[in-house]
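Computed from a predicted structure; not experimentally measured.
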Amino acid sequence: MQTSIVAYPHIGKERELKYLLEKYWRKEISAATLEKEAAALRQVHWQNQVDGSLDYLTINDFSLYDTVLDTAYLFNIIPTRYRRLGLSAIDTYFALARGYRDEKGTVAPLAMKKWFNTNYHYIVPEFSDDCAIKLISDAPLAQYREAASYQLQKKLLLLGPFTLLKLSAYSGSKGPAAYVPTLIRAYLEFFRCCQQEKVDLLQLDEPALTLDLHPEDLILLNSLYSELLAGKGKLKILLQTYFGDVRDCYDDLIKLDFDALGLDFVEGEKTLQLVSSKPFPADKILFAGIINGRNVWRSSSAAGLKLIKTLQLQGINLVLQSSCSLQHVPYSLTGEKNLPPALKEKLAFGEEKIRELRLLKELTAADPAANSNCCSADSIGVSNTDNSTKNRAKFLPLQAKVTYEQRAKLQQQYLNLPLLPTTTIGSFPQSQAVRQNRRLYNKQLIKRQDYEKFNYAAIKKCIRFQEEIGLDVLVHGEFERNDMVEFFAQQLSGFVVTQNGWIQSYGSRCVKPPIIVGDIKYRQAMTVKWIKYAQSLTTKPVKAVLTGPTTIVNWSFNREDIPAQNSILQLAAALKNEVAALEKSGSKIIQIDEPALREKLPLRKVDQAAYLETAINAFQFLHNSCRPETMIQTHICYSDYTDIIPWLNKLEADVILLEASRTSQSCLPNPAFLQLNAALSLGVYDVHSECIPSVAEFLTAIKQRLAVIPAAALWVAPDCGLKTRTYKELAPSLKNMIAACRKIRQNLPLSKR
């Protein structure tokens, strides 16, 4: 019995890569220093795998930004506008991810979308008609050579061609099929390089095979791999899947000449059934994903051993591994000093999951009596702190609301907003001083009154700034919030937060998901005093911003003994108290953010309706007791919205703010947005790029949106919160956005004003 992981988290135990990247982007270190320090970090990660007694060492799972982008760059899938910049290789790479601006103008970054149904964002490769696909880099094999001293079998990871084609954008006249011949040649060239390097095993990641596949997808799959595998020579290839089962293509996969097949037994609902339905090929190794790579609870040794025995009885040659990359869980429990010991015993972060694999391997090798003793003593699973949680899956009662048209008329009288209202999503830049104030308070080094005094001053400065530049609807800036989920988790019962449980969201951006451990209940008002103070400073409306229940659950680690829908409904019941308190205190606009509503949409369409019904029901319940003149907004980002537009109507929100500057190709041409019973903002400012759009660029973006959305129903706003930007970048960007909006207002025909 051998062990492996799909991939290792690459941000670092102390987020070392984050700080290295940000130093490089600030021009504080050279490219050579960045590469040297990144190589040292890789060595640490490889040594951790060795120390964890894994049998395979995974290589090329480390990335300076994103592994999908790495694959696109490897094969020269670089649009001409980036090549024309004349930058170094590494700066061209970062320009693809972050955009680039100089005195000649701005080149926007590639689109960014959620990686399947996770909170990780990948950079969307762009195939253009003049795309010259070929192997142009030695980077993966250079990492393989770096690991030469480790005496383990080495597994080189690369994104597979099927998933690359399925997840990419196509900016020209050609579709995916047109690129198949040249892409095959490029992969075959990479195969030849792997053979020359004597790579032990090449892992091709194909998570797109767990989606609903159509006949044309199966044709694409077979056309790609029948030719690739015919040319692999002596190179051994593992086809790795995760995030579900491969029910639509399992028969094809076991017929193809792969040496090994990686399947997910955690999220793959039908994986065991598929493997048991017909003999697994004797000439293939099954890399069985039995340790959950997406949640932090310890796995059951008893359940693991039972599954292993079932597979062994079928005579399958097994390698035990994580269900997916460990980048979706925190790095290690060693830095968690404040978690209750009883809870900590039940958790497993990345390093601990490697040890779980070793334990299962040891238990499998032990005699039956030892297995029995260990399983009976297992202290795994989740403690039931409140058994009533299991019985709270029923839908919450809803009340009928007046129509959107009736609400819009009342709200316009109530708020008196101009045409094309301008606003932001919520957060403003979190300076070093803001973070230091919070840090000192959390360490009890300053009094609460001093902590709050600082925040009130920051709010006042933020309000004055927004008034000066001319925004129509203001926000208070969220200086009291460390994170849009953790802030609420700290104030509701049923959550614990970690000290160092960071996971990568995109690039250098990391998040620290809370852990749901019990029933979720409301304690006291969380946001009211901050919003009330901000509103007292201005006559313009200040909207109150809350994080919605579906997003809080999706961006937390949920319990595994209860369905996620239970936690979502509990949160809706708790947060309804906050909505009521805000309205009572005078808030005229309440924004309930659900950026992750689309994120955890089940990958299979057959499972999607039940999830969406819970999410929509919870959102409606939050605000359906509000007065009709109280405007309800919501924000959703970095998703393909087209398949959930009918469901967005059911939110009964008055304004829906969507990210669009990086996904405009799927948003702007879509006439389905006209069917929304809500005003709409398709974001015009990419807040995750340091580029400062000009007035002309904003004019173009707003006009594009007006071609799809009536002026009376269009809001103008950035894509997302502004906490990651600096005021130096933010001030000119927002001023240009507002100037463009005012110019368009003046030039609109009277019939549209």
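Checking each of Tyr179, Phe162, Phe75 against Tyr187 for a ring-ring contact (aromatic ring centres under 6.0 Å, His included) leaves exactly one that passes, namely Phe75. Checked options His45, Lys154, Lys155; the residue passing with Thr58 is Lys155 (criterion: side chain to side chain donor-acceptor pair (under 3.5 Å)).
No side-chain N or O of Tyr611 forms a donor-acceptor pair with one of Asn117 less than 3.5 Å apart. In summary, the side chains of Thr334 and Lys13 do present a donor paired with an acceptor at a separation below 3.5 Å, with no hydrogens or angles considered. Under 3.5 Å, the side chains of Tyr150 and Gln43 contain a donor-acceptor pair of N or O atoms.
If you take CG on Asp259 and CG on Leu239, they are separated by 11.0 Å, rounding to the nearest 0.5 Å. Taking CD of Glu189 as the reference point, atom CD1 of Ile184 lies at 14.5 Å (rounded to 0.5 Å). Here the CD atom belonging to Gln143 is positioned 10.0 Å from the CG atom belonging to Leu157, to the nearest 0.5 angstrom. Atom CG of Leu263 and atom CG of Asp245 lie 9.0 Å apart (nearest 0.5 Å). Between atom SG of residue Cys324 and atom CZ of residue Phe243 there is a gap of 5.0 Å, rounded to the nearest 0.5 Å. Interatomic distance, Leu305 CG to Thr310 OG1, rounded to the nearest 0.5 Å: 10.5 Å.
Applying the 6.0 Å contact sphere to NZ of Lys309 captures no more than 12 heavy atoms from other residues, nucleotides or ligands. Within 6.0 Å of atom NZ in Lys236, 12 or fewer heavy atoms from other residues, nucleotides or ligands are found, so the atom counts as exposed in its surroundings. Heavy atoms from other residues, nucleotides or ligands lying under 6.0 Å from NZ of Lys512 number more than 12.
Between the side chain of Tyr73 and the backbone N or O of Ala89 there is at least one donor-acceptor pair closer than 3.5 Å. Remark: side-chain polar atoms of Thr547 are paired, donor with acceptor, to backbone N or O of Met484 under 3.5 angstrom. Judged by distance alone, the side chain of Tyr122 and the main-chain N or O of Leu167 form a donor-acceptor pair under 3.5 Å. When atom types are taken as modelled, the side chain of Ser322 and the backbone of Ile5 share no donor-acceptor pair closer than 3.5 angstrom. Side-chain atoms of Glu352 come within 3.5 Å of backbone N or O of Leu333 as a donor-acceptor pair. Between the side chain of Thr551 and the backbone N or O of Ala596 there is at least one donor-acceptor pair closer than 3.5 Å. In terms of modelled atom types and a separation under 3.5 Å, the side chain of Ser323 and the main chain of Ile290 share no donor-acceptor contact. With Asn558 contributing its side chain and Ile516 its backbone, the two residues share no donor-acceptor pair below 3.5 Å. For Lys232 (side chain) and Phe191 (main-chain N/O), no donor-acceptor pair under 3.5 Å exists by modelled atom type. Formation of a donor-acceptor pair under 3.5 Å by the Glu206 side chain with backbone atoms of Thr163 is found in this model.
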Pair Phe258, Tyr225 - check ring pair (Phe, Tyr, Trp, His ring centres under 6.0 Å), show working. CA-CA 9 Å; Phe258 295 109; Tyr225 278 108; 5.1 Å; yes
Mind running ring pair (Phe, Tyr, Trp, His ring centres under 6.0 Å) on Tyr8 and Phe62 for me, showing each step along the way? CA-CA 8 Å; Tyr8 199 80; Phe62 183 93; over 10 Å; no
Let me see the working for Arg42 and Glu146 under salt bridge (Lys or Arg N to Asp or Glu O under 4.0 Å), right down to the final yes or no. CA-CA 9 Å; Arg42 286 194 290 269; Glu146 284 179 26; 2.7 Å; yes
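Of the charged side-chain nitrogens involved, at least one lies within less than 4.0 Å of a carboxylate oxygen, so that Arg294 and Glu267 count as a salt-bridged pair.
Two residues are said to be in side-chain contact when any heavy atoms from C-beta on lie closer than 4.5 Å; Leu363 and Ile308 fail this criterion.
Two rings, from Phe557 and Phe495, have their centers 6.0 Å or more apart.
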